[in-house]
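What follows is a set of notes on a single structure, which appears directly below.
Letters A, B, ... mirror the listed sequences (proteins, then strands); counts begin at 1.
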2 protein chains.
Amino acid sequence: MNIGEIARRAGVSRSTVSYALSGKRPVSEDTRRKIQRVIDELGYRPNASARALANGRTSTIGLVFPPAGNHYTGMQLDFIGSVAEAAAAYDYDVLLSPSGADSDRSFQRLLGERRVDGAILMEIRLEDDRVDHLAELDFPSVTIGRTARPGGVWWVGLDHTALVEACVHHLADLGHRRVAFVNRPEQLLRAGYESAHRGLDGFTKAAAERGLTVGMYNCGDDAASGQTCLERILHDDPATTALVTLNEAALGGLYRGLAKAGRHVPRDFSVTGVVAGRWAETVTPQLTAADVPAEEMGRLAVDLLVERLDNPHAPARHHLLAPPISLRASTGPVFGTS
Amino acid sequence: MNIGEIARRAGVSRSTVSYALSGKRPVSEDTRRKIQRVIDELGYRPNASARALANGRTSTIGLVFPPAGNHYTGMQLDFIGSVAEAAAAYDYDVLLSPSGADSDRSFQRLLGERRVDGAILMEIRLEDDRVDHLAELDFPSVTIGRTARPGGVWWVGLDHTALVEACVHHLADLGHRRVAFVNRPEQLLRAGYESAHRGLDGFTKAAAERGLTVGMYNCGDDAASGQTCLERILHDDPATTALVTLNEAALGGLYRGLAKAGRHVPRDFSVTGVVAGRWAETVTPQLTAADVPAEEMGRLAVDLLVERLDNPHAPARHHLLAPPISLRASTGPVFGTS
DNA sequence: ACCGGCTGTCGAACCGGTTCGCGTGAAGTG
DNA sequence: CACTTCACGCGAACCGGTTCGACAGCCGGT
């Protein structure tokens with residue numbers, strides 16, 4: 001069931017079959033039909049490896065995400081899903097590559113062995129050797145997130161700084177004066193994860209602007225850590241009346257900690273942050289938050305990558321998203337304020 | 001940077017380079033070193049497409065999951081993550097294919113174009129044309145979930161029937177007599193999704209055995225639907241004191257509905273079901289549930305597939321998992337019972 | 001000195017497509 | 001009727017690996 005067999009049965013040469021299929025040269029209506037009939041009968045489909053070898057394109061894009069030995073957050077996984085579907089719409093397949101560094105075996109496979117035409121990188125760090133490496137090679141890629149100096153790189157990112165600032169201003173407007181910040185795990189912050197750093201910057205800046213008293217915390221990506229973290233917050237400053245979080249996975253634990261401490265949300269305590277909309281609606285009361293548009297970001301990343309693949313010399317493009325805060329039910333005025 | 005270039009620079013033939021790399025024929029220590037040095041200098045890696053074409057293996061496995069136009073549940077996404085990592089450990093890449101039917105373009109690409117050596121299928125239906133098709137072709141594949149007649153198929157599955165039965169018995173033991181069942185959306189039930197059907201069977205059977213009064217509900221995969229569903233349950237039979245759910249995504253909404261109705265969990269109302277452990281620990285009170293071992297299942301599926309690929313004529317194998325119920329905090333005796 | 005076997009290497013064929021240059025027969029033109 | 005033009009199809013080369021058969025050179029044995 002290869003192209004030679006089709007050619008033989010249709011009584012034409014291999015090249016004619018190829019042209020009939022690709023349309024890159026005219027083929028008479030007559031022979032085209034003859035060929036098509038044989039193909040339909042045998043259910044022939046051209047071998048992807050052979051095609052890739054011949055024309056140098058695999059029609060596959062790589063999706064590089066960090067190996068999670070730990071577990072995945074809902075956001076990461078939403079990206080994967082949306083990238084796969086957006087790519088399918090462009091007739092690209094998606095190859096998963098769990099690699100954190102450019103020296104990973106998995107990463108080397110993608111690039112060195114030319115398994116993919118381009119790549120989408122997730123979980124970007126401010127200084128990211130994978131991104132630098134790809135830029136150096138001029139390898140078509142798009143990052144979800146941006147490094148410290150994203151010039152010349154194609155990316156789609158979230159303006160964590162602005163989003164967290166908006167959260168802080170929202171709380172300050174409601175009268176909150178003592179506010180805690182619940183960040184991702186310290187290990188990720190130290191590794192230089194973009195969202196953790198930019199979010200922290202936004203928090204620091206806005207809190208200073210509004211003259212707030214703050215506490216800053218790193219919190220593990222799970223419910224138990226969230227609960228522990230909340231206990232620490234109230235222990236350090238029992239007068240805290242609100243928190244901002246980037247940590248989706250800890251959210252349930254934070255709520256639990258508040259309930260255990262007898263703080264009613266939003267009457268006694270306000271909670272907000274940057275979280276995927278789906279999760280914000282899961283907790284009770286529903287979370288007032290800047291909703292991470294994970295699906296849109298995945299789609300945009302694919303759009304950009306395809307554009308770059310079609311047009312290798314186009315100048316770098318990017319999308320910086322800053323969705324508005326969705327007012328739900330987890331924030332309110334400080335007790336005693338009107 | 002191809003094998004010919006390496007050969008030229010090392011002063012040997014292309015076949016010698018190939019043998020030096022694969023070890024399939026002896027090569028003198030001397031020339032091996034010469035070749036290795038050139039390879040290291042140039043950072044050469046053999047082209048995956050060429051290799052796949054020559055030896056007929058792509059070192060890639062396909063992961064087929066339904067296109068989610070709707071959104072993904074936490075479980076599905078956990079599978080994807082764990083499959084990718086387990087595959088990497090075996091030096092396989094994972095190709096994502098969002099397809100629901102064997103006629104999907106995406107599905108045809110995987111098989112017809114020989115992009116993968118084998119496939120793992122998720123979200124199995126009791127009658128599943130994809131599975132039938134693969135079995136007919138004797139294409140190496142493993143399903144996560146099992147069809148109505150899984151003989152001859154390789155699979156790893158969850159014993160939903162037994163798990164839901166265990167949940168019902170747990171509730172009955174606590175004295176509950178009026179129990180509701182919250183299933184996945186009706187659309188999925190009608191499509192024949194395995195978990196929805198087998199779970200329902202288990203519920204029906206166990207409830208009959210214990211002489212319980214039951215209500216059965218289909219519920220959308222999101223928090224809002226969960227809340228609505230709970231309102232319906234209490235409207236239909238206000239004396240209901242417990243529910244069993246398969247619907248992870250609705251869980252937050254069910255809890256919210258209970259809170260709105262003034263039912264305290266677990267004092268006035270018990271909740272249990274089949275849910276990934278991570279989610280069970282997110283809600284407050286933490287859910288007593290049969291924890292879906294999504295990571296383990298993904299890993300086992302890859303193990304089976306690799307075994308099948310290494311050994312094409314081995315008889316079909318499978319793993320049926322039935323994790324015990326984890327007692328947490330969402331169930332308790334009926335009010336008035338001791 | 002001759003033969004057999006072993007080791008290490010080479011050349012050629014092959015995997016299944018794509019693409020380029022050329023030939024052929026029919027149609028169009030003066 | 002000879003001459004260009006064009007549409008159509010063919011063969012060969014190529015993409016970058018793998019693998020098979022052959023063979024050269026060296027060894028030890030008789």
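Looking at residues two or more places apart in sequence or on another chain, you find a salt bridge (Lys or Arg N to Asp or Glu O under 4.0 Å) between A:Glu307 and A:Arg317. Judged as a side chain to side chain donor-acceptor pair (under 3.5 Å), and not counting sequence neighbours, B:Thr60 has no contacts. Qualifying salt bridge (Lys or Arg N to Asp or Glu O under 4.0 Å) partners for B:Arg14, counting only residues two or more places apart in sequence or in other chains: none. Residues satisfying the salt bridge (Lys or Arg N to Asp or Glu O under 4.0 Å) test with A:Asp132, not counting sequence neighbours, are none. The side chain to side chain donor-acceptor pair (under 3.5 Å) check on B:Arg33 picks up nothing, with sequence neighbours excluded. Taking the side chain to side chain donor-acceptor pair (under 3.5 Å) definition, one finds that B:Asn47 meets it with nothing, sequence neighbours left out. With sequence neighbours excluded, the residues that form a salt bridge (Lys or Arg N to Asp or Glu O under 4.0 Å) with B:Arg308 are B:Asp138. Residues passing the ring-ring contact (aromatic ring centres under 6.0 Å, His included) test with B:Trp154: none are found, sequence neighbours excluded.
Of the possible donor and acceptor atoms, none in the side chain of B:Ser106 sits under 3.5 Å from a partner among the backbone N and O of B:Asp104.
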> Where do A:Leu158 and A:Ser195 land on the side chain to side chain contact (heavy atoms under 4.5 Å, CB included) test, with the steps shown first?
Replying inline: CA-CA 8 Å; A:Leu158 211 51; A:Ser195 57; over 6 Å; no
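Of all the residues in residues 26-42 of chain A, not one reaches under 4.0 Å from DNA chain C with any non-hydrogen atom. For the segment residues 109-117 of chain B, the set of residues with a heavy atom within less than 4.0 Å of an atom of DNA chain D is empty.
Five base pairs at each end of the helix from C:dA1-D:dT30 to C:dG30-D:dC1 define two local axes, and these are offset by 50° (rounded to 10°).
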> Can you give one letter per nucleotide of nucleotides 15-22 of chain C, going 5' to 3': B for a protein heavy atom under 4.0 Å from the base, S for sugar-phosphate only, - for none?
Replying inline: BBBBBBB-
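Just one residue in the list B:Arg149, B:Arg190, B:Arg146 forms a salt bridge (Lys or Arg N to Asp or Glu O under 4.0 Å) with B:Glu127, and that residue is B:Arg149.
Ion pairing between B:Asp91 and A:Arg109 holds under the 4.0 Å rule for side-chain N and carboxylate O.
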